[in-house]
There are 2 protein chains.
Amino acid sequence: MGAQIPETKRRLIAAALELIWRSSYGSVSVDDICKAADVRKGSFYHFFPSKADLAVAAMDHADIELRATYDRIFSPASPPLQRLENLAAFIYDAQKESAEKYGHVCGCPCASLGSEMGAQEPEIRAKFDEQRRHKTRYYQNVIRDLVAEGLLPADADVKAKADELFAYLMGRVMLARIENDLEPLRRDLKNGIFRTLGIAAETTPAA
Amino acid sequence: MGAQIPETKRRLIAAALELIWRSSYGSVSVDDICKAADVRKGSFYHFFPSKADLAVAAMDHADIELRATYDRIFSPASPPLQRLENLAAFIYDAQKESAEKYGHVCGCPCASLGSEMGAQEPEIRAKFDEQRRHKTRYYQNVIRDLVAEGLLPADADVKAKADELFAYLMGRVMLARIENDLEPLRRDLKNGIFRTLGIAAETTPAA
DNA sequence: AGCTGTCTTGACCGAACAGTCAAGACCCTA
DNA sequence: TAGGGTCTTGACTGTTCGGTCAAGACAGCT
């Protein structure tokens with residue numbers, strides 16, 4: 001199981017993810033990635049048949065890195081409303097960190113890659129879809145618990161609500177990147193999540 | 001006023017918009033655009049100082065082309081709920097048309113460009129922001145009419161709701177592009193708009 | 001006819017691009 | 001210690017990239 005990824009390959013993936021996240025797939029060359037990873041080009045093509053394959057590996061890496069965090073955010077030990085607040089806070093914090101580190105809000109690398117290259121590289125689209133389904137499983141789980149607690153009606157369409165939540169969050173994060181603006185995430189994201197799911201929000205926007 | 005844009009320049013803008021919409025900024029070269037517009041490269045650089053400047057002009061063109069359509073969709077002659085239904089139907093129809101014409105759902109060219117290049121080309125970000133503000137003016141207008149008709153409470157935050165609607169629609173359209181899937185637009189967009197604005201939806205999802 | 005400004009042309013540039021390859025270094029196992 | 005698979009290296013390929021340029025075509029004006 002433990003795939004035992006070689007150090008060089010790991011460095012290439014990490015460098016690619018960082019560079020593509022900051023700018024874009026098309027703006028980052030294989031040479032850029034090799035230089036950032038301190039790896040020669042021949043090694044690159046030893047591990048990856050093409051630049052697009054590395055991009056897919058980078059998407060995978062980004063997703064897998066987040067799994068422990070998502071397990072913590074959606075821990076069944078927390079009440080479901082708390083989990084949603086955790087999610088909103090995490091998204092804001094992660095985007096804020098990217099802005100401080102790279103000078104601008106970086107959004108979601110998988111969504112940006114999917115938008116830029118999904119049509120031309122089917123494997124990128126497929127990887128995005130896989131990750132979308134993976135994330136909506138967390139959302140479905142918390143929605144079911146909201147139903148169980150009576151915070152959502154028993155006949156709520158769990159799958160539909162989870163899909164709506166994914167679309168809402170992705171849109172908000174991408175907009176934050178495009179506009180380079182964290183403020184709407186800080187101010188409105190929590191209420192937006194509640195509204196999207198149909199939970200009566202008692203809170204006012206963050207000051 | 002009538003800026004009198006030369007035919008050659010017009011062809012370059014149209015070709016650039018089409019090619020970038022289909023694929024992406026980074027995947028389309030100046031040569032590609034020139035070939036599609038049947039224009040020689042020297043002419044290109046006579047009209048545009050750089051590829052990025054053409055992209056901004058293409059965003060402008062895309063937006064201006066839509067203004068008459070938006071005026072029709074949001075005509076004050078229609079009841080406000082009808083305007084929102086018009087909007088949902090237009091978005092679906094436009095995306096469906098792009099899918100039939102180009103083989104896949106193309107999303108919004110300005111959002112894709114903004115995501116891909118906004119960080120590196122400030123003028124692209126600025127143009128996107130200008131267009132976002134322009135569109136939210138339509139949304140604010142219809143929200144005020146919804147308040148006037150008692151469909152929204154008198155103390156509704158018009159600007160906040162308009163911004164939420166923009167984010168929701170952009171997210172939905174970008175997701176349709178990434179996943180190459182029209183179905184959620186057809187099935188859920190109308191209800192999603194109502195939910196985003198806080199209007200009690202009496203309708204069930206489209207079959 | 002001559003001038004001027006706008007537009008067009010096609011050849012041209014150096015840099016950057018994705019990708020290749022043969023040769024060798026390294027490490028495990030036999 | 002010999003062999004073989006994995007990895008590394010750096011030079012290399014042919015193409016394409018965004019952008020430049022000088023020369024000329026063409027129109028409108030005088």
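In what follows, chains are A, B, ... by sequence order, proteins preceding strands, each numbered from 1.
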Nucleotide interval of DNA chain D bounded by contacts with chain A (heavy-atom cut-off, under 4.0 Å): dC7(D) to dG10(D)

Sugar-phosphate, base or nothing in reach of Ser29(B), heavy atoms under 4.0 Å: sugar-phosphate

Taking atom types as modelled, find out whether Glu164(B) and Tyr139(B) have a side-chain donor-acceptor pair closer than 3.5 angstrom. no

Which part of the nucleic acid, if any, lies within reach of Phe44(A) when heavy atoms closer than 4.0 Å are counted: base, sugar-phosphate only, or nothing? nothing

For DNA chain C, find the residues of residues 49-60 of chain A with a heavy-atom distance under 4.0 Å and give them by number; none if there aren't any. Ser50(A), Lys51(A)

Pick the nucleotide of DNA chain C nearest each of Asp38(B) and Asp31(A); which residue has the one closer to the 5' end? Asp38(B)

Taking everything shown except Gln82(B) itself, do over 12 heavy atoms lie less than 6.0 Å from its CD? yes

Can you check whether Tyr45(A) has a side-chain N or O nearer than 4.0 Å to OP1 or OP2 of dG19(C)? yes

Side-chain heavy-atom pair Val105(B), Glu179(B) within 4.5 angstrom cut-off: no

Side-chain heavy atoms of Leu84(B) within contact of Lys190(B), under 4.5 Å: no

Distance in angstrom units between Lys41(A) NZ and dA16(C) P, rounded: 12 Å

Does a donor on one side chain sit under 3.5 Å from an acceptor on the other, for Ser78(A) and Ser75(A)? no

Pairwise side-chain contact, Arg125(A) with Asp129(A), heavy-atom cut-off 4.5 Å (strictly under): no

Non-hydrogen side-chain atoms of Phe47(A) and Pro6(A) separated by less than 4.5 Å: yes

Could you tell me the separation between the CZ atom of Arg40(B) and the C1' atom of dC7(C), rounded to a whole number of Å? 13 Å

When you look at NZ of Lys96(A), are more than 12 heavy atoms from neighbouring residues, nucleotides or ligands closer to it than 6.0 Å? no

